[in-house]
Amino acid sequence: IALEPGDSLTNWATAQKQVAYKNTLAKAQKERDAIRAKAFEKAEFKAAEEDAVQLQLRYRDFEADLGLQKLIDEIRDLAKESNDEAAAYWKSHDPDEALARADTLITEKRFDTARDLLNKLKSSPKRGAAVQMLKVLGDAFCNEQRKTASVLFKKSRSKKDPEQSTNYLLKAIDALDRCLANYPDFEQKEKVLENKAFLESELKK
């Protein structure tokens with residue numbers, strides 16, 4: 001292209017350059033995704049950051065498509081959040097056993113204990129599985145709070161004493177607030193907000 005050949009050769013060369021760019025980009029994207037998995041799934045933050053920096057140096061012209069600086073920043077943020085003591089803990093403890101334990105805790109509705117264990121597991125090689133189980137935990141916890149709110153609402157309707165009725169409504173709202181505060185990314189968040197709005201409207205009656 002720089003030699004300014006005829007139009008046909010220039011067009012051909014330009015097309016080949018685009019093909020080469022796409023092929024190289026695909027290869028770089030595959031490497032980037034493997035690095036992301038190393039950090040987000042296995043909690044190997046230091047190694048992932050080093051690999052990401054090297055990849056960025058090798059593919060400087062691909063930053064717009066690869067977003068490597070953003071990935072590096074995300075990995076560094078994860079590393080800061082990770083507790084060094086927790087990371088060291090998993091060198092002598094089995095994260096698979098801990099995951100199984102967390103699953104049991106969720107079934108037993110020991111939500112706070114399960115959450116503490118899963119947050120600790122986010123510093124282990126089973127980080128990805130822990131993050132997924134945290135979503136399961138969030139669903140279980142919020143569904144339990146919604147059931148509690150429903151029971152409390154029914155009690156509020158059965159009380160003739162306005163003060164008692166109001167107290168039950170406030171407790172019901174508090175149950176929903178616990179869901180929203182602890183698991184703001186709950187999939188059925190909109191339903192929880194609707195339930196809360198309904199209970200608040202009952203308070204005004």
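A quick note: this is a predicted structure, and the numbers were derived from the prediction, not measured.
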### Task
Please assess Gln69 against Asp73 for the test side-chain hydrogen bond (donor to acceptor under 3.5 Å, both in side chains), listing each intermediate value before the final yes or no.
CA-CA 6 Å; Gln69 187 56 54; Asp73 292 340; 3.0 Å; yes

With clusters defined by side-chain heavy atoms of hydrophobic residues (ILVMFWY) lying less than 4.5 Å apart, directly or transitively, does [Y] cluster with [X]?
{"X": "Leu193", "Y": "Phe186", "answer": "yes"}
{"X": "Leu152", "Y": "Leu199", "answer": "no"}
{"X": "Leu134", "Y": "Tyr89", "answer": "yes"}
{"X": "Phe198", "Y": "Leu169", "answer": "yes"}
{"X": "Phe153", "Y": "Val151", "answer": "no"}

How far does [atom1] of [X] sit from [atom2] of [Y], to the nearest 0.5 angstrom?
{"X": "Lys171", "Y": "Thr148", "atom1": "NZ", "atom2": "OG1", "result": "12.0 Å"}
{"X": "Asp33", "Y": "Glu31", "atom1": "CG", "atom2": "CD", "result": "10.5 Å"}
{"X": "Cys179", "Y": "Lys191", "atom1": "SG", "atom2": "NZ", "result": "12.5 Å"}
{"X": "Asp65", "Y": "Leu25", "atom1": "CG", "atom2": "CG", "result": "5.0 Å"}
{"X": "Lys22", "Y": "Gln29", "atom1": "NZ", "atom2": "CD", "result": "12.0 Å"}
{"X": "Glu200", "Y": "Leu176", "atom1": "CD", "atom2": "CG", "result": "9.0 Å"}

So do [Y] and [X] actually touch side chain to side chain, heavy atoms under 4.5 Å?
{"X": "Met133", "Y": "Ile106", "result": "yes"}
{"X": "Arg58", "Y": "Leu55", "result": "yes"}
{"X": "Tyr59", "Y": "Lys27", "result": "yes"}
{"X": "Ile35", "Y": "Ile75", "result": "yes"}

### Query
Would Leu118 and Val131 satisfy side chain to side chain contact (heavy atoms under 4.5 Å, CB included), going step by step from the backbone distance to the final call?
CA-CA 8 Å; Leu118 289 170; Val131 170; over 6 Å; no

Check for a donor-acceptor pair, side chain of [X] on one end and backbone N or O of [Y] on the other, with a separation under 3.5 Å.
{"X": "Ser150", "Y": "Arg146", "answer": "no"}
{"X": "Glu49", "Y": "Ile72", "answer": "no"}
{"X": "Arg32", "Y": "Leu66", "answer": "yes"}
{"X": "Asn119", "Y": "Arg115", "answer": "yes"}
{"X": "Ser165", "Y": "Pro162", "answer": "no"}

For a quick test of reading the model, state the closest non-hydrogen atom pair linking [X] to [Y] and the distance between them.
{"X": "Glu187", "Y": "Asp139", "answer": "N-OD1, 4.5 Å"}
{"X": "Phe45", "Y": "Lys122", "answer": "CZ-O, 4.3 Å"}
{"X": "Lys159", "Y": "Tyr168", "answer": "CE-CE1, 3.7 Å"}
{"X": "Ala98", "Y": "Leu117", "answer": "O-CD2, 3.3 Å"}
{"X": "Glu163", "Y": "Asp161", "answer": "N-OD1, 3.0 Å"}
{"X": "Arg127", "Y": "Ala39", "answer": "CD-O, 3.5 Å"}

### Task
Measure the acute angle between the ring planes of Tyr21 and Phe62, then classify it against the limits of 30° and 60° as parallel, tilted or perpendicular.
parallel

### Task
Would you please classify the geometry between the Trp90 ring and the His93 ring as parallel, tilted or perpendicular, with 30° and 60° separating the classes?
perpendicular

### Task
Give a yes or no on whether Asn23 atom CG has more than 12 heavy-atom contacts from other residues, nucleotides or ligands under 6.0 Å away.
yes

#### Entry: Worked check of side chain to side chain contact (heavy atoms under 4.5 Å, CB included) between Leu180 and Lys196
CA-CA 10 Å; Leu180 296 170; Lys196 182 181 175 181; 4.3 Å; yes

### Query
Is there a salt bridge (charged side-chain N to carboxylate O under 4.0 Å, His left out) between Lys42 and Glu44 once you walk through the steps?
CA-CA 5 Å; Lys42 301 179 181 179; Glu44 297 176 10; 5.2 Å; no

### Message
Strictly below 4.0 Å, N to O, side chains only: are Arg178 and Asp174 in salt-bridge contact?
### Response
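Yes, charged N to carboxylate O under 4.0 Å.
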
